[in-house]
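Quick notes on the structure that follows.
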Amino acid sequence: MTVRLGLIGTGTVGGGCLDILRNHKDEFRRHYGVDLEVARVCSREPEVARSFGYGDVFTSDYREVVTDPNVDLVIELIGGTTAARDAVCEALRNGKAVVTANKALMATAGEEVFELAKQHGVEIAFEASVGGGIPIIDPLKHSLIANRIDKVMGIVNGTTNYMLTRMDEEGASYEEALADAQARGFAEADPSADVDGFDAAAKIAILSSIAFNSRVSLDDVHTEGIRNITTTDLQTARDMGYCVKLMAIGHRTDEGVDVRVHPTMIPLSHQMAKVNGVYNAIYVVGDAVGETMFFGEGAGAGPAASAVMGDVLEVARHIEMGVTSFVGCTCTDSLPIVPMDDLETKYYIRFPVADRPGVLASMAGIFADFGVSIYSVVQRGQKEAGTVEVVYVTHVARERDIRAVVDKIASLDDVLHSEPSIIRVED
């Protein structure tokens, strides 16, 4: 049986998929008994389709793909939550299986997409939406389902990990690291999705939903980025035996699901501390399996296309056998989202403050007023004329109390000279 594919999007990942098909089509048929045929290709660039020999099946209108009776499986690779959402939902309504790499769609409309797939008896697969080429969704849905997963934690954005590595190892400033990442093609001209944490937030929403069997959407994720991180923070962390990573964290607690993205200090002895450059890693803790970590390249044509085509082959085999996914939506619970204000952890806070007598004493009094116990305080030297950087590390404290301390210090006349850096500490 031939499974006919409709590809929507021929960018970096779409081109990678066509490369894989060109290089391995015969092997797929020989090894797995799956004969894949590209029936339609849709994008804004007809030249790409022509270069792969698909000019005769090209269209610039995705509707011609999702309504084509000759298409069995739609591959959506245009991203976003507007046209992509319409394409995916319409494909499902037309009884076509869908493979997507769209993290934003699955993090915001996952429930709708799964419900449509169930109603129309077809499959939705999305391995490439998290971690690029790193297998993580399939292991969570299959290999690890005998476990109660209590924690999933990841470095899931290669751009910010590359930037933090450059800043840590080479002393580059945030601005220098960003420019370098953009020059190398790791960061977009508008890097907001990466450096402000939104890309990672979509991914941890997806992972937490699967890991904890409870729907977590993008809006549920407390999200902070790395714009305020400086080399001072990274050097101070290293002096303390830590490194700083932009971590995406999902944690099952007695109160519900604690899910967040923010700069995090992790011990240098932890496996995640060794994940540098553009690499990603996802760390999962289960009650039976214990600690596991999945590591690899998180983006790029090859890794992402590998994950997409892995899904395509699996779904195509299901189509040939006349079955749908063996494990569909697993969000059978409705666990509450734990408010960020209730988080209890240790904190690192760097304040750029006025260099004058009495400032440290007044700040220490504010910590005491809100019941926050200070573990250490260090002056890291002069940032500029009249300003010094003071670093506080606390014992375990509540987020709401830390925020109250920072707000109170910010309200003092001519004390806080710029925005502080707040980093949570994960031991």
Side-chain angles (χ1 to χ4, degrees), residues 12-13 16-17 75-77 79-81 84 88 98-111 113-114 124-145 149 151-161 193-194 197-218 220-221 223 245-251 257 259-261 272 275 278-286 292-312 314-315 325 327-331:
T12 300
V13 180
C17 290
I75 307 169
E76 182 277 306
L77 299 175
T81 56
V88 167
V98 173
V99 170
T100 180
N102 195 327
K103 56 187 171 289
L105 176 64
M106 297 309 295
T108 57
E111 187 172 11
V113 168
F114 270 114
I124 176 78
F126 51 101
E127 182 66 65
S129 65
V130 178
I134 304 172
I136 183 60
I137 291 173
D138 189 70
L140 284 174
K141 280 182 167 284
H142 293 88
S143 307
L144 297 175
I145 58 172
I149 304 298
K151 189 169 192 176
V152 57
M153 178 172 75
I155 298 169
V156 292
N157 183 270
T159 299
T160 51
N161 203 45
D194 295 320
F198 301 121
D199 173 81
K203 293 172 180 176
I204 197 61
I206 294 169
L207 291 176
S208 296
S209 296
I210 299 169
F212 309 133
N213 305 113
S214 183
R215 179 70 56 197
V216 176
S217 71
L218 182 58
D220 295 323
V221 183
T223 307
K245 301 289 186 182
L246 182 69
M247 299 299 300
I249 299 169
H251 186 208
V257 177
V259 57
R260 47 200 159 92
V261 170
M272 300 291 280
V275 179
V278 295
Y279 282 89
N280 285 194
I282 299 161
Y283 175 83
V284 180
V285 180
T292 61
M293 193 169 86
F294 301 79
F295 169 85
E297 291 192 51
S306 167
V308 170
M309 291 308 299
D311 276 345
V312 167
E314 186 68 10
V315 174
S325 174
V327 182
C329 180
T330 57
C331 294

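FYI, side chains are in, hydrogens and waters are out, and symmetry mates aren't considered; it's all heavy atoms of this structure.
For the pair Phe212 and Ile149, the minimum side-chain heavy-atom distance is below 4.5 Å. Counting only heavy atoms from C-beta outward, the side chains of Arg215 and Cys329 approach each other to under 4.5 Å. Taking 4.5 Å as the limit, every side-chain heavy atom of Phe126 sits out of range of all side-chain heavy atoms of Asn102.
Around OH of Tyr283, the count of heavy atoms belonging to other residues, nucleotides or ligands within 6.0 Å exceeds 12.
With hydrogens and angles disregarded, a donor-acceptor distance shorter than 3.5 Å links the side chain of Ser209 to the backbone of Ala205. Between the side chain of Asn161 and the backbone N or O of Leu246 there is no donor-acceptor pair closer than 3.5 Å. Looking at Glu127, its side chain does come within 3.5 Å of a backbone N or O of Ile136 through a donor-acceptor pair. Under the 3.5 Å distance criterion, the side-chain polar atoms of Thr330 are left unmatched by any main-chain donor or acceptor of Asn213.
To the nearest 0.5 Å, the span separating CE on Met153 from CD1 on Ile204 amounts to 9.5 Å. Residue Lys203 holds its NZ atom at 8.5 Å from CD1 of Ile282, rounded to the nearest 0.5 Å. Between Ile210 atom CD1 and Leu140 atom CG the span is 6.0 Å, to the nearest 0.5 Å. Separation of atoms CD1 (Ile249) and CG (Leu207) is listed at 12.5 Å; rounding is to 0.5 Å. In this structure, the separation between CE on Met106 and CG on Leu218 is 13.0 Å, given to the nearest 0.5 Å. Once rounded to the nearest 0.5 Å, the distance linking CG of Asp199 with CG of Asp194 reads 5.5 Å.
Closest non-hydrogen pair, Ser208 versus Gly250, comes out as OG-CA, 3.7 Å. Minimum interatomic distance between Ala201 and Thr223 (heavy atoms only, all atoms of both residues): CB-OG1, 3.4 Å. Heavy atoms only, all atoms of each residue included: Val13 and Ala304 are closest at CG2-CB, 3.7 Å. Here the shortest heavy-atom pairing between Phe294 and Val284 reads CE1-CG2, 4.1 Å. Summarising the geometry of Cys17 relative to Met309, their closest heavy-atom pair is CB-SD, 3.9 Å, with the distance given to 0.1 Å. Looking at every heavy atom in both residues, Ala128 comes nearest to Asp311 through N-OD2, 4.3 Å.
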Test log, rule side-chain contact (heavy atoms from CB on, under 4.5 Å), inputs Ile155 and Met247:
CA-CA 5 Å; Ile155 298 169; Met247 299 299 300; 3.6 Å; yes

